[in-house]
Amino acid sequence: MARAKDDKRAADGGSESKRGRIGRRAWMIATAIIFVYTAALTVRNVITLIRVNHSASLLEQQCDIFTERIRQDSTMLEHLRYDEYLEEYARDRYHMQRVGESVFVVE
């Protein structure tokens, strides 16, 4: 029986071993393509992650800035509820005056 297989291989000219090499090469090429594709996707995802983290840090900075502005505006609104401060604010900011007064702006 073993001799029949050897005779068959000899008659084929060793084509089975060529098929094995071709199949092995095809699998190696397919594996290499999958590996390169996976590596490219991984690099792309890492770049996207870096961009998103940078955007998140910028948004956190803006949030801090706006929180501070809200605090300042809230303080200003609280002060403007009193007539004395309101008059002072109007005079300083908008150069308002009472009847009969003269305003001189010095910068």
Side-chain angles (χ1 to χ4, degrees):
M1 203 183 320
R3 188 157 207 232
K5 287 184 181 177
D6 290 338
D7 290 340
K8 189 176 180 183
R9 284 186 190 157
D12 289 343
S15 65
E16 190 174 321
S17 65
K18 285 183 183 177
R19 278 191 225 146
R21 279 188 255 157
I22 291 173
R24 196 173 291 163
R25 278 189 185 158
W27 282 109
M28 289 179 72
I29 290 171
T31 303
I33 290 171
I34 291 170
F35 178 77
V36 169
Y37 182 72
T38 304
L41 286 178
T42 302
V43 168
R44 183 173 155 229
N45 287 339
V46 167
I47 291 171
T48 302
L49 178 68
I50 291 170
R51 287 181 182 162
V52 167
N53 285 339
H54 180 69
S55 296
S57 68
L58 289 177
L59 290 173
E60 286 176 358
Q61 288 175 357
Q62 285 181 350
C63 182
D64 292 340
I65 289 170
F66 289 130
T67 302
E68 178 62 26
R69 284 185 186 172
I70 288 170
R71 189 191 63 74
Q72 289 174 355
D73 289 345
S74 296
T75 304
M76 177 63 71
L77 284 174
E78 188 64 35
H79 283 47
L80 290 176
R81 289 184 183 175
Y82 301 107
D83 289 336
E84 296 157 358
Y85 187 78
L86 181 61
E87 182 181 351
E88 179 183 335
Y89 182 77
R91 286 174 177 265
D92 289 342
R93 180 88 179 204
Y94 300 108
H95 309 296
M96 295 185 120
Q97 61 189 4
R98 289 187 181 154
V99 177
E101 286 184 336
S102 298
V103 175
F104 298 100
V105 179
V106 180
E107 292 182 15

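We number each residue from 1, following the sequence as shown. Keep in mind the model is a prediction, meaning the values are calculated, not measured.
The salt bridge (charged side-chain N to carboxylate O under 4.0 Å, His left out) search around R93 returns none, not counting sequence neighbours. Applying the side chain to side chain contact (heavy atoms under 4.5 Å, CB included) test to T31 and every residue at least two apart in sequence or in another chain returns nothing. With sequence neighbours left out, the salt bridge (charged side-chain N to carboxylate O under 4.0 Å, His left out) criterion links E78 to R81. For Y82, the ring pair (Phe, Tyr, Trp, His ring centres under 6.0 Å) criterion is met by no residue, not counting sequence neighbours. Considering only residues two or more places apart in sequence or on other chains, E87 meets the salt bridge (charged side-chain N to carboxylate O under 4.0 Å, His left out) condition with R91, R98. The side chain to side chain contact (heavy atoms under 4.5 Å, CB included) search around Y37 returns L41, not counting sequence neighbours.
Cluster partners of I47, using a side-chain heavy-atom cutoff of under 4.5 Å among ILVMFWY residues and allowing indirect links, are V43. Hydrophobic cluster membership for I50: V46 (Ile, Leu, Val, Met, Phe, Trp, Tyr linked by side-chain heavy atoms under 4.5 Å, directly or transitively). Connectivity analysis of hydrophobic side chains (ILVMFWY, heavy atoms under 4.5 Å, direct or indirect) links F66 to nothing; its cluster partners are none. Counting Ile, Leu, Val, Met, Phe, Trp and Tyr side chains that sit under 4.5 Å apart, directly or through other members, I29 shares a hydrophobic cluster with I33.
Note that CE of M76 is 5.0 Å distant from OH of Y89, once rounded to the nearest 0.5 Å.
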Solution key, residues 68-75 side-chain donor-acceptor pairs under 3.5 Å, sequence neighbours excluded:
unit_1: E68; atom_1: OE1; unit_2: R71; atom_2: NE; d: 3.4
unit_1: E68; atom_1: OE2; unit_2: R71; atom_2: NE; d: 3.4
unit_1: E68; atom_1: OE2; unit_2: R71; atom_2: NH2; d: 2.5
unit_1: E68; atom_1: OE2; unit_2: Q72; atom_2: NE2; d: 3.4
unit_1: S74; atom_1: OG; unit_2: I70; atom_2: O; d: 2.8
unit_1: T75; atom_1: OG1; unit_2: R71; atom_2: O; d: 2.9

Could you tabulate the donor-acceptor pairs under 3.5 Å formed by side-chain atoms of residues 56-64, not counting sequence neighbours?
unit_1: S57; atom_1: OG; unit_2: H54; atom_2: O; d: 2.7

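Tracing side-chain contacts under 4.5 Å through hydrophobic residues (I, L, V, M, F, W, Y), one never reaches L86 starting from L77; they form parts of separate clusters.
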